[in-house]
Amino acid sequence: NLITAGTMAAFGLTAWSGVVASDSHTIKFGNVISAGDTQNQGYELFAEQVAERTDGRITVEVYPDSQLGGEREMVEATQFGDIEMTAPSVGVLANFDKSLEVFDFPFIFEDADTAHEVLDSELGDEMLAGLADSGLVALGWGENGFRNLAMTDGTVRVPEDMEGVKLRTMQVPMHIAYWESIGAAPTPLSFPEVFTSLQQGVVDGVENPYELLYSARLTEPANYLTETRHIYDPEVLLINKDFYESLSDEDQEIIQSAADAAIDEIRSLKENVSDEIRAEIEAAGGTVTDLTEEERQAWIDSAVPFYAENASEVDTDKLKAILE
Ligand code: PAF
């Protein structure tokens with residue numbers, strides 16, 4: 001190879017800028033989710049379909065378990081072309097495109113079907129397209145799922161139980177604002193720090209979908225769980241825009257349809273995974289509490305002051321459209 005990546009970098013060019021005439025590619029796809037979780041089962045399917053349909057010309061290497069960094073780092077790495085793909089939580093992406101913040105509002109979706117209906121609508125497409133301004137092509141809406149509470153020291157049933165509680169959150173302004181509005185003490189930490197922070201009492205609890213809590217072993221120190229379903233957390237499958245646009249139309253179509261298949265697979269695996277994992281948590285000695293109707297209503301009502309305070313901070317038309 002006369003032209004090396006180093007030579008091209010010196011001229012401000014990237015490896016896929018068209019200087020090298022080759023249609024073989026390796027896609028590095030990093031994510032923070034544990035290997036074997038439903039998301040990574042979907043991403044492995046994506047890798048298989050791309051390899052199969054391109055006769056091995058395009059290889060997808062999936063790196064789970066934060067091997068390539070945290071979510072924000074990997075979005076930046078995808079933007080700058082250090083890796084080709086990642087799939088962060090929408091909360092992290094709102095730092096790149098503020099219009100996505102509407103999905104960080106609590107109790108916005110009652111169930112996954114309603115969430116999918118909105119995400120798969122024109123509005124959802126429009127929001128994905130907005131990421132092009134950040135050098136990213138969004139291939140579709142994946143899914144983390146509904147976030148629930150897991151505490152180290154007793155069960156939480158109503159919002160008042162959160163008074164003064166140090167809760168690990170993501171570094172997501174709207175999540176932090178909601179927990180503050182009900183009197184909790186949200187403590188943003190990166191995901192790999194959470195296990196030790198729970199063990200050492202730096203935080204009293206954490207919130208995430210059951211599957212992510214369990215596969216990261218957070219349900220060992222935080223084994224009092226409550227099914228609050230307070231935030232529905234979609235993820236977005238992202239690919240570097242320059243790389244994607246350097247591919248032939250046919251290869252782009254292969255990538256897009258493999259991403260669609262991965263998303264269908266993830267959504268269908270997620271339908272039952274919460275119940276299965278919940279049973280495993282209980283079998284391991286954890287307590288999982290369902291809310292009564294009144295308790296659930298108290299949680300929903302607890303978000304009203306948050307909406308009053310924050311609705312004007314986001315794209316209010318989009319927020320209204322979603323709520324409608
Ligand atoms: O809690 C988080 O940080 C996120 O839910 C996670 C686990 C990184 C997945 O997006």
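FYI, the numbering just counts along the sequence from 1. All ligand and atom numbering here is 1-based and tracks the order in the structure.
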Discussion item. Using a plain distance cutoff, I'd like to know if Asn144 has any nitrogen or oxygen under 3.5 Å from a nitrogen or oxygen of ligand 1.
Written reply: yes
Worksheet item: So between Asn208, Val194, Leu212, whose heavy atom ends up nearest atom 5 (O) of ligand 1?
Response: Asn208
Worksheet, complete the sentence: Among Gln171, Arg168, Arg72, closest by heavy atom to atom 1 (O) of ligand 1 is Arg168
Discussion item. Within ligand 1, which atoms have a heavy atom of Phe191 less than 4.0 Å away?
Written reply: 1 (O), 2 (C), 3 (O), 7 (C)
Item to complete: Could you establish whether Glu235 and ligand 1 come within less than 4.0 Å of each other, counting only heavy atoms on the residue side?
Response: no
Fill in: Any donor-acceptor N or O pair under 3.5 Å, side chains Tyr244, Glu84
no
Worksheet item: Do the numbers put Arg147 on top of the ring of Tyr232, so that NZ or CZ is under 6.0 Å from the six-membered ring centre and no more than 45° off the axis?
Response: no
Discussion item. Any donor-acceptor pair under 3.5 Å linking the side-chain atoms of Ser257 with those of Asp260?
Written reply: no
Worksheet item: Which protein heavy atom lies closest to atom 10 (O) of ligand 1, and at what distance to 0.1 Å?
Response: Glu71 OE2, 2.8 Å
Practice prompt. Just need the protein heavy atom nearest to atom 8 (C) of ligand 1, so name the residue and atom and give the distance.
Written response: Val32 CG2, 3.4 Å
Worksheet entry | Passing candidate, side chain to side chain donor-acceptor pair (under 3.5 Å) with Asn31, options Asn40, Asp37, Thr86 | Asn40
Practice prompt. May I ask you to test the Asn310-Glu101 pair for a side-chain heavy-atom distance under 4.5 Å?
Written response: no
Item to complete: Give a yes or no on this: more than 12 heavy atoms of other residues, nucleotides or ligands lie within 6.0 Å of atom CD of Glu117.
Response: no
